[in-house]
Each structure stands twice: as C-alpha cells, then as structure tokens.
Amino acid sequence: MAPERINVSMNRVEGDLEVSVDVDGGVVTDARCSGTMYRGFEKILKGRGSYDGLVITPRICGICSTSHLVAASRALDMITGVKVPPDAVRIRNIAQMSEHIQSDVRHGMLMFAVDFVNPAYKDHPMFDEAVQRYEPFKGKSIVETIRETKKVLEIIAIIGGQWPHSSFMVPGGIASIPSKSDLLQCSLLLRQYKAWYEQRILGCSIERWREIRSAADLDAWLEERPEHRESDLGFYLRFARSIGLDKTGKGVGAFLSFGALELPEGTTVGAAGASSLVPAGFAHAGRVSGFDQAKIAEHVASSWYVDYEGGKHPFEGETNPYATGKENEKYSWAKAPRYDNHPAETGPLAEMVIAGNPLIVSLIDKEGPSTYLRELARLVRPTELMPAMETWLTEINFNSKYYTLPGEVRTGEGFGLTQASRGALGHWVKIENDVIRHYQIITPSAWNFSPRDSGKRRGPVEEALSGTRIKDMANPVELGHIVRSFDACLVCTVHTARRDEGHRY
Amino acid sequence: MKRIICIGNRYVRQDSAGPAVYDLLSQEELPADVELVDGGLAGLNLLGFFDDAELVVLVDNVSGFSSHNGTVVLEPEDIVPLAKNIYDHASGLPYLLRALPEVIEGNAPRIVVVGVEGDYDESVIADAARLALKTAADLGRGRLVVDGTPGGA
C-alpha cells in the first residue's frame, strides 16, 4: 500500500491546532503540528506602558489567565528589584493553584476520558461503564466535573477582587487585601472541592494516595478497596491500560520545568532547602540537571517568521511574521523553543519526573513515558497541590503586609517564569523609559506542539505520534489520545458560534 | 439580578464585538439591577454567573445566523445545536449553553444572546449595546419587542 498523508481533525482538540500525519501500512511515519493562527502579543505589547503586561497578558488565555499574571508580575518584580512579602507570595500561589486543580480535573474528564466513549471501543467490555461516566453532557463524571470545577475558581475571585481576567498581582505583591472572612471562604471552597476530588476522582484520601510510591504499590492500591477501582482514577487505570495507552505517545524523552510556587519565608510547606514547591529542572536520558533560562532558544526554521540562523534566546527573540515562501518547510505560527538544543516536553509529567515523584519515577523506570503516564500525572497533580494550599491558607496572617513599594526603575530587563497548568510558561521583558521595548512569551504548548527546529528535529508531540499504529484510518482515535495527553492550548482565540461551519469553533 | 455578559477576545478582530460592547456599556450608568461582566475568554468558567441570575444577556460574535452584517437576537435553542461533544480550550458559547441545564443550581435564568454577525463598526457596537440594555430592561417586565431580527424574542 502506498504511503498516505492524512489530516487529523484536531479541531476536536483545539481550535487553532492542526495535526497531519504520514501513514504507511497503518503506522504513522511522520507528523506535523501546525499552529494555524498568528497571535502577535509580542507586537501588541511593544510600545505600551511598562505595567501593561499585567492587564494584557491575563487575557491571552481564558484557562491560564492567572499563570500569565504570575509570569508578568514576576518579570516586573525582577526589573524593579522588589521583594514580595511572604503572605503575598502565599496569595499569589493559592490563586495560581486554584487554576491548576480545576484545569487538571477538567482536562482528565471533559477532554481526555470523554474519548473512552468513542465508537472504536463499542465492543470493549468496559464500554457501557464508560458511557455511564463520560457520555457528553450526561455522564455522571462529566456532569459532576462541570458542576464542581466551576466553584473552585471563586477562590481567585475572592482574593483577586475580580474574575475573570484578574490583575491583582503587581510588582511588589498584590493589590487587593483579603480579609479574614475572605480567607475562611477560600478555605471552605477548597475543602469542598478536595472532598469531592477525593471521593469522585481518587476514591481515597490524598494522604492514602501519597503513600503509593511504586508501580507495585499502585497495583496493590487498585485492588485494595472497591472505592479505588470504582473511582474515576481507578477506571482510568483499568481502561487506559486495557487499550494500550501505556504503550503509545512516548515523546522525546526530555522533560522541562521552569519551577513554580515560590516557598514563602517561614512556611512549613516544601522540602528543606527548596526555593519552590515545583522544582525547576531539565531531565534527559534519565538524568535530572539544574535549570538555566539562558539555555532557552527559539527557532523559526519551520515557523512562518522571518528566518534567522539557529535559535535565539527570548531576550533577543524576533517575531516578524512571514507567511510567504518556503511553504513546504514552514508550517506553523508556533515557534520551536529548545532547551540546551533539545526539544523538551513540559507539563505535570515533566514536573513530577524532575521533582523525583516516587510513583512516577517508578513507572518511568518500568515502562517509559507514555500517553497513559502523562495523563495519570495530570489527574493526580492536585494531590501535590491541595495540601500545600490548605497549609498556606492557615499560615496567612490577615493583618499582614501584602505589598512592598517597588523602587523606581524606568529601564531594565527581567523574566517571569512559572509552571502554568500545561507546563513551562515564561515572559521575557525589556523596559526603556517606562515603555515596553521587548516582550517575548513562550507558552507550554509552544514547547509541546512545536514544529521542527533549525536542525529538523521534531517537536515532542510530533515525535510522540510517530510510530503509532492506527487501526481505523477513518477514526484514528489513537492519535487523539496522544495529542490530548499533552493538553493542547494554542491559544484561546476565536470562539465565535459559527452555524455556517458546522462544529468548528 | 440581571447580567449582561460580554464575551470574546479583544485581541482578535472577528471575536472582539463582545469586549467592544463591554467597553461602551462600562462608560454608562446602568440600571441598579443590571450587572455588567467582562466575560472575555472565560468560556465554561462563566457558569457561576448564571446561578443567581434571573436574566442573562450574552453578547458575542456569531456567524451564519443572518444574511447581512449587524446585530441579531438569538435564543439558546439557536446556539445549543452547535455544541460539540468534547470540551476543549476553544469551546465557546454552544458548549456553555448546552452544559448549563445539567449543572445549574436553582432556577435557570432566562437567557438571550445578542449576536454580532460579520464585521462591525461603531454603529453596530452601539446597536448591540442598546439591544443588550433593552433586553435587560424589558424582559424583566416581560415585554421585549425587537423588530426585524431573526430569532428575536
């Protein structure tokens, strides 16, 4: 059979992402990820007031709004040289973590598990149970997830004073001061969400889950109690393995975390000597090394931008659209970021590999990275976050200082790095005479869904798709699982209700 | 409480009518029982704004609902059939309105969509703002009349 190229209908995954794969004999031989929309935020921000990133960048994305605010604030913290008071750090962290614990569960249920009711699995012995749980708009897990996850973001509204598109983080701290009542309300919302997460998603307490430290422990946990098997996580473990998700979507085998959630002075949260709850690092070939943002470079050889040699650090980066010429070589509006010249995967799995999470490391050692493991890491990341949120809410002194007046710095440069829900997010900013002269943003999906770089190396998703066997070319559900495990977000752009284009949004 | 929720991406021209209406209405003194919300890209996260409302007027760009550019008043039933089954980061109004009956707490509010079809100028935005306000004012008294708008109440 002659090789063929198919375009996968990835509008089902993300409005501005297209994936095309070459298939030969039912096996993917090559893949291309294409971001189909030019964003140009770097151009929008240039020439604006030095603090405008605090208002504009949270509007880049409706899902990661708070993480963009964190990155923008941290860049300005660095430029102004201001030290953020410990309780303001706690508040910033709690807001960002609220975004994560919502996003992780929503992705797991609404975006990933919903594929378990794909007609490809209609003869699977667990299909009926999958339908009961994940039938769109009707399944019990779907409905509960929509209902419960809408509440937890109220935490950001309470402590940010506005939601959506809060801009309450400013260089030096936060602009809205929470009252004791506000913090109690946040604690209540978190407790309610945690109780639901433990009952519905985990099937056990977070404390019990965190006792699992190996692949063998995980197998034992699954059989330990009916509640474990019947939880959404229990179902995921059983179903995902049964359809072979532990054998697909390996990726590039390199993992990146910028680090996130700075540990405030005096906290009891975090490992001794650590500076952040989520450590920064780069893992490659089984070895974790320290992170240095100077090793980041953006390539445009396959991107619709004016060419330059090799890659450029985001402080020197250029965003000059160039949509004509080299149409066979250039195929995406996303650039190709590389770390130390490597393509790298980012997200919850990367965070846990770099942090040395015992269970994830055990599974990586045993099976290697996979679609299954990537989504498992996302589903259980709230177990790492919610206990810290609870502690920080109790540690906050509501009469505390939440803001330090930054010194006047009219000219300077700085970067704000964090981990958004989907992974490493960075803002690199240069200011001259109180005006933004340069603003480069690298999003998590730019890492994961990057096109080829100047060395022709595929991006992580392109690599993860290659080698995949497709059973039914008319319904390549295997590809959907792999792509969705990276949680594409390329980025919230046009949401218009279009009756003339069917189901494309 | 009645809410006017303006939806869209102010950095993408073809999705920015909602934010433009928000900017216009935010300069006006609104009736005391009308709350104006910059819904932006919040998508499914706007669900919380429906829980305690008696009326929600959504303002957003639409496409394919009218043969000419301008404003169009729609009912949820016009939008819901466009919802796809899998939620994603680009899920917009159709998914939100489709999910709403399953997760609403208390009584569901009356919902009206003021759509902006095609490209727009200041006069279209002003018309959409007027329609949103009129809907909020009149529906509370049960006498909304919108002339000549397909799907109008």
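Throughout, protein chains are lettered first and strands after them, A, B, ... in sequence-line order, and every chain is numbered starting at 1.
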Checklist entry - Taking everything shown except B:Arg13 itself, do over 12 heavy atoms lie less than 6.0 Å from its CZ? => result yes

Item to check | Enclosure of A:Lys43 NZ (heavy-atom neighbours >12, cutoff 6.0 Å) | outcome: yes

Checklist entry - For A:Leu110, is it the side chain, the backbone, both, or neither that has a heavy atom closer than 4.5 Å to a heavy atom of chain B? => result both

Next on the checklist: Looking at every non-hydrogen atom in both residues, tell me the closest pair between A:His165 and B:Leu41 and how far apart they are.
Outcome noted: NE2-N, 3.5 Å

Item to check | Sequence-distant partners of A:Tyr439, ring-ring contact (aromatic ring centres under 6.0 Å, His included), two or more places apart | outcome: A:His427

Item to check | Among the listed options B:Leu47, B:Ile104, B:Leu44, the residue most often paired with chain A at heavy-atom distances under 4.5 Å | outcome: B:Leu44

Item to check | Region of A:Val143 that comes under 4.5 Å of a non-hydrogen atom in chain B | outcome: both

Next on the checklist: For chain A, which candidate among B:Leu46, B:Asn45, B:Asp38 shows the most heavy-atom pairs at distances under 4.5 Å?
Outcome noted: B:Asn45

Checklist entry - Does A:Arg147 use its side chain to pair, donor to acceptor, with the backbone of B:Glu102 at less than 3.5 Å? => result yes

Checklist entry - At what distance, to the nearest 0.5 angstrom, does CD1 of A:Ile146 lie from CZ of B:Arg98? => result 9.0 Å

Next on the checklist: Is there a side chain to side chain contact (heavy atoms under 4.5 Å, CB included) between A:Lys150 and B:Glu105? Walk through the geometry before answering.
Outcome noted: CA-CA 11 Å; A:Lys150 77 176 180 181; B:Glu105 294 178 10; 3.9 Å; yes

Next on the checklist: Counting heavy-atom pairs under 4.5 Å with chain B, which one of A:Glu154, A:Met109, A:Lys138, A:Glu144 comes out on top?
Outcome noted: A:Lys138

Checklist entry - Parallel, tilted or perpendicular for A:Phe41 and B:Tyr11, by the 30°/60° rule? => result perpendicular

Item to check | A:Glu148, part contacting chain B, at a heavy-atom distance under 4.5 Å | outcome: neither

Checklist entry - Within a reach of under 6.0 Å around CD of B:Glu122, are more than 12 heavy atoms found that belong to other residues, nucleotides or ligands? => result no

Checklist entry - Is any side-chain heavy atom of A:Pro164 less than 4.5 Å from a side-chain heavy atom of B:Phe49? => result yes

Next on the checklist: Counting only heavy atoms from other residues, nucleotides and ligands, does the tally under 6.0 Å from CG of B:Asp121 exceed 12?
Outcome noted: yes

Item to check | Partner set under ring-ring contact (aromatic ring centres under 6.0 Å, His included) for A:Trp196, not counting sequence neighbours | outcome: A:Tyr193

